[in-house]
Amino acid sequence: MTRSRQLIRGIAATGMALVLSACGGGDSQVLGPKETSTTGGSNNSGWVAGVYKASANFKHLCEVPRTGRSAFTGITFPDKRGTRTNEKDFLRAWTNETYLWFDEVTDRSPAIDSQTPQDYFLLLKTNRTTNSGAPKDNFHFYEPTEDAEAWEAGISYDYGLRLKVYSTVPPRRYYIAYVEHNSPAAAAGVQRGDRILKIDSYDLVTDESDAGLNALNEGLFPSVLGAAHNFELQAVDGTLKTVTLQSAQVESSTVHQATVLETDTGSVGYMVFNSHVEKSQDEWVVAINQFKQAGVSDLILDLRYNGGGLLSIASLASYMIAGSNVQDKVFYEQIQNSKQARLEPFPFLDEGLYGLNKNVALPTLNLNRVYILTAESTCSASEAIINGLRGANVQVFLIGATTCGKPYGFYPEDNCGTTYYTIQLKGANAKGFGEYSDGFIPSTSDNGETLVKGCRVTDDLEHALGDRSEALLATALRYRDTGSCASAVTRSLQKTQGISGSGELLAPETRKILVLDRP
């Protein structure tokens with residue numbers, strides 16, 4: 001069985017830790033548009049439009065080399081003295097070698113001294129759109145390597161808050177989606193559904209001053225450990241409370257909750273799964289063994305806040321759901337650009353890859369159907385679970401909202417302290433379907449592609465996750481029993497606090513993308 005470590009991370013990242021080798025030596029011609037030059041297509045940096053050296057010639061040549069070793073991996077930094085142009089030369093060549101749509105990238109000179117490597121990288125993608133008019137590539141990004149390594153370790157530097165944002169402009173509406181266990185927020189009594197009104201002396205709802213915006217963003221996303229800020233919160237029942245939160249190194253539980261729900265028609269497992277990282281495997285093993293011992297006959301998998309992660313985790317999680325129903329079947333076809341060798345299909349993994357269960361046979365529920373709770377933030381590796389199971393004829397029911405639409409993967413590339421993510425593969429299930437760039441849609445029917453049988457339900461912040469009265473869970477339980485999407489759940493937050501629309505999940509790693517703003 002082929003085993004590899006692949007990352008498909010939500011708003012941002014995906015990657016497969018099969019190591020990509022650089023393309024072989026020699027120059028190649030770009031097939032896409034070229035940036036013109038007044039000097040005949042070249043300049044004194046040596047750049048010639050459409051002509052490339054292998055990216056290995058420039059890798060780890062850094063304008064400001066790091067020294068020492070990573071605090072997370074212990075690996076010595078490979079940086080060597082180079083130039084800013086060397087860093088951009090690397091990005092240009094690496095994009096040409098591995099980007100899925102390399103022939104749609106405008107070839108630009110890397111020799112503009114005022115342009116940072118990160119700014120240059122953001123230009124190295126296709127500008128085409130999908131049939132719906134959306135950007136074809138909406139997942140091109142970078143982050144500090146330290147942040148990437150912390151994320152893979154399941155560690156964040158914050159209070160343990162996960163936010164649901166309905167407006168980033170006045171009147172702003174920032175709510176608590178959930179709180180990490182054993183975090184500063186949990187210790188302070190912060191709860192799902194709380195609305196943030198003020199941070200320190202600044203009004204989060206209305207402040208438009210430069211000083212206010214800077215202070216509020218620093219309060220929401222502290223840049224240092226140990227930073228303390230006062231939060232005024234409005235609870236679901238309308239009462240006000242003030243808590244002091246101090247930023248810390250927060251280690252998340254990726255299986256946020258695993259509960260057995262007793263019903264008149266049998267025991268049902270309910271799992272809140274929020275991130276695909278290595279330690280998720282052993283957390284899944286514990287949860288599945290708990291469900292097996294309880295004799296559950298169905299599983300409700302809550303992926304509403306799961307933006308993705310390692311494809312390997314999506315694969316082995318899917319096996320632990322379906323077992324003999326997917327044994328030896330294809331989970332994910334990996335399709336790269338024409339310059340890359342064909343990859344073997346990714347299987348449903350039946351043995352552990354990491355931690356305590358490495359090389360150990362995984363437990364399974366052997367289910368032939370699963371109920372999955374979704375939202376707009378259900379992305380990437382989470383969507384791979386949906387698509388992979390359906391490709392193996394496991395029945396999937398969707399309860400919630402249309403998913404984010406990310407059938408693509410990245411190989412994260414670390415260079416000079418920045419980790420870059422550019423789309424390098426797309427996936428398809430065993431039936432050959434993989435075009436869900438507009439997401440999976442809960443529907444009254446199932447067309448085997450983007451329409452998935454289930455119910456459209458808006459996220460319910462008024463009730464705790466796992467509460468049988470919470471709208472998505474209540475609807476899933478009712479749908480399981482009756483096949484009906486009707487629900488008697490009411491949500492007063494929509495009336496009293498102005499929640500409307502779907503909102504957007506805001507986790508620490510998205511802070512560069514969604515912050516406070518003016519109208």
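Owing to the predicted nature of the structure, the values given are computational and were not obtained by experimental measurement.
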Requested in this report: State whether the side chain of Arg342 and the backbone N or O of Gln334 hold a donor-acceptor pair below 3.5 Å, judged by distance alone.
Outcome: no
Query raised in the report: If every non-hydrogen atom of Leu216 is compared with every non-hydrogen atom of Asp203, which pair is closest and at what distance?
Result: CD1-O, 3.7 Å
Query raised in the report: Residues two or more places apart in sequence or in another chain: which of them pass side-chain contact (heavy atoms from CB on, under 4.5 Å) with Asn182?
Result: none
Query raised in the report: Is a donor on one side and an acceptor on the other found under 3.5 Å between the side chain of Asp194 and the backbone of Gln191?
Result: yes
Query raised in the report: Judged by modelled atom types alone, do Thr403 and Thr378 share a side-chain donor-acceptor pair under 3.5 Å?
Result: no
**Report entry** Check: Asn429/Asn387 side-chain N/O donor and acceptor closer than 3.5 Å
**Finding:** yes
Query raised in the report: Under the salt bridge (Lys or Arg N to Asp or Glu O under 4.0 Å) criterion, do Lys125 and Asp137 qualify, and how do the steps go?
Result: CA-CA 7 Å; Lys125 68 172 188 173; Asp137 182 354; 5.3 Å; no
Query raised in the report: Is a donor on one side and an acceptor on the other found under 3.5 Å between the side chain of Arg69 and the backbone of Gly74?
Result: yes
Requested in this report: Side-chain contact test, heavy atoms from C-beta onward, threshold under 4.5 Å: evaluate it for Tyr174 versus Ile199 and give yes or no.
Outcome: no
Query - Criterion salt bridge (Lys or Arg N to Asp or Glu O under 4.0 Å) on Glu413 and Lys59, from CA distance to verdict - result: CA-CA 10 Å; Glu413 188 67 36; Lys59 189 169 176 59; 2.3 Å; yes
Query raised in the report: Who pairs with Ser183 by side chain to side chain donor-acceptor pair (under 3.5 Å), at least two apart in sequence or on another chain?
Result: none
Requested in this report: Give the intermediate values and the outcome of side chain to side chain contact (heavy atoms under 4.5 Å, CB included) for residues Arg456 and Leu398.
Outcome: CA-CA 8 Å; Arg456 297 189 65 85; Leu398 287 194; over 6 Å; no
Query raised in the report: Would you say Val205 and Leu197 make side-chain contact, with heavy atoms under 4.5 Å?
Result: yes
Report summary line: What one should report as the nearest heavy-atom pair of His229 and Glu218 is NE2-O, 4.0 Å
Requested in this report: Quick one: list whatever passes ring-ring contact (aromatic ring centres under 6.0 Å, His included) with Tyr436, sequence neighbours left out.
Outcome: Phe440
Query raised in the report: Of all residues at least two apart in sequence or in a different chain, which pass the salt bridge (Lys or Arg N to Asp or Glu O under 4.0 Å) check with Glu232?
Result: none
Query raised in the report: Would you say the side-chain atoms of Glu149 and Ser70 include a donor-acceptor pair closer than 3.5 Å?
Result: yes
Query raised in the report: Under 3.5 Å, is there a donor-acceptor pair linking the side chains of Glu63 and Thr83?
Result: no
Report task. Write down the atom of Arg172, the atom of Arg195, and the distance for their closest heavy-atom approach. Result -> O-NH2, 2.9 Å
**Report entry** Backbone of Glu143 reached by a side-chain donor or acceptor of Thr418 within 3.5 Å
**Finding:** no
**Report entry** Leu220 side chain near Leu163 side chain, heavy-atom distance below 4.5 Å
**Finding:** yes
Query raised in the report: Cationic tip of Lys406 within the cone over Phe139's six-membered ring, i.e. under 6.0 Å and within 45° of the normal?
Result: yes
Query raised in the report: Is any side-chain heavy atom of Leu245 closer than 4.5 Å to a side-chain heavy atom of Val243?
Result: yes
Requested in this report: May I ask you to check whether Thr244 and Asn230 show a side-chain donor-acceptor distance below 3.5 Å?
Outcome: yes
Query - Verdict with reasoning, Arg192 to Asp459, per salt bridge (Lys or Arg N to Asp or Glu O under 4.0 Å) - result: CA-CA 12 Å; Arg192 172 175 167 84; Asp459 194 9; 3.2 Å; yes
Requested in this report: Kindly state whether the ring of Tyr421 and the ring of Tyr142 have centres lying under 6.0 angstrom apart.
Outcome: no
Requested in this report: Report yes if some heavy atom in the side chain of Leu233 is under 4.5 Å from a heavy atom in the side chain of Ile196; otherwise report no.
Outcome: yes
Query raised in the report: What heavy-atom pair brings His256 and Asn274 nearest, and what distance separates the two atoms?
Result: CB-ND2, 3.4 Å
**Report entry** Under the side-chain contact (heavy atoms from CB on, under 4.5 Å) test, residues paired with Leu451 that sit two or more places apart
**Finding:** Ile441, Ser443, Ser445, Asn447
Query raised in the report: Quick one: does Asp200's side chain have a donor or acceptor within less than 3.5 Å of a partner on Tyr202's backbone?
Result: no
Report task. Give the C-alpha distance, both sets of side-chain angles, the deciding distance and a yes or no for side chain to side chain donor-acceptor pair (under 3.5 Å) between Ser312 and Tyr354. Result -> CA-CA 10 Å; Ser312 55; Tyr354 315 108; 2.7 Å; yes
Query raised in the report: Among all residues two or more places apart in sequence or in another chain, which pass the side-chain contact (heavy atoms from CB on, under 4.5 Å) test with Asn337?
Result: Phe102, Lys339, Gln340
Report summary line: Residues passing the side chain to side chain donor-acceptor pair (under 3.5 Å) test with Arg128, sequence neighbours excluded, are Glu104
Query raised in the report: How about Phe77 and Pro65: do any of their side-chain heavy atoms sit closer than 4.5 Å?
Result: no
Query raised in the report: Does Glu251 come within less than 4.0 Å of Lys279, counting only side-chain N to carboxylate O?
Result: yes
Requested in this report: Answer yes or no: is there a side-chain heavy-atom contact under 4.5 Å between Ile386 and Ile372?
Outcome: yes
Requested in this report: Look at the side chain of Asn217 and the backbone N and O of Leu213, then say whether any donor-acceptor pair between them is shorter than 3.5 Å.
Outcome: yes
Report task. Identify the heavy atoms of Glu208 and Pro170 that sit nearest to each other, and give their distance. Result -> CG-CG, 3.8 Å
Requested in this report: State which residues pass ring-ring contact (aromatic ring centres under 6.0 Å, His included) with His60; sequence neighbours excluded, sorted by chain then number.
Outcome: none
Requested in this report: Tell me whether the centres of the aromatic rings in Tyr408 and Trp101 are closer together than 6.0 Å.
Outcome: yes
**Report entry** For Phe58, ring-ring contact (aromatic ring centres under 6.0 Å, His included) partners two or more places apart
**Finding:** none
**Report entry** Closest approach of Ser315 to Pro347 (non-hydrogen atoms, all atoms of both residues)
**Finding:** OG-O, 2.5 Å
Requested in this report: Can you measure from CD1 (Ile112) to OG1 (Thr85) and round to the nearest 0.5 angstrom?
Outcome: 9.5 Å
Requested in this report: Using the six-membered ring wherever Trp is involved, compare the ring planes of Tyr99 and His140 and label them parallel, tilted or perpendicular (cut-offs 30° and 60°).
Outcome: perpendicular
Query raised in the report: Would a distance-only check, ignoring hydrogens and angles, find a side-chain to backbone donor-acceptor pair under 3.5 Å from Ser247 to Ala227?
Result: yes
Report task. With sequence neighbours excluded, give me every salt bridge (Lys or Arg N to Asp or Glu O under 4.0 Å) pair touching residues 377-389. Result -> none
Query - Asn214: side-chain contact (heavy atoms from CB on, under 4.5 Å) partners, not counting sequence neighbours - result: none
**Report entry** ring-ring contact (aromatic ring centres under 6.0 Å, His included) involving Phe231 - partner list, sequence neighbours excluded
**Finding:** Tyr159
Query raised in the report: Is it true that a side-chain atom of Glu283 and a backbone atom of Thr254 form a donor plus acceptor pair closer than 3.5 Å?
Result: yes
Requested in this report: Could you tell me whether the side chains of Thr145 and Thr419 share a donor-acceptor contact shorter than 3.5 Å?
Outcome: yes
Query - Glu376 side chain near Cys404 side chain, heavy-atom distance below 4.5 Å - result: no
**Report entry** Donor + acceptor pair across side chains of Ser437, Glu435 (<3.5 Å)
**Finding:** yes
Requested in this report: Assess the side chains of Tyr411 and Gln336: does a donor N or O sit below 3.5 Å from an acceptor N or O?
Outcome: yes
Query raised in the report: Taking the six-membered ring for Trp, are Tyr305 and Tyr178 parallel (under 30°), tilted (30 to 60°) or perpendicular (over 60°)?
Result: parallel
Requested in this report: Without swapping roles, check the side chain of Arg304 against the backbone of Ser377 for a donor-acceptor pair under 3.5 Å.
Outcome: no
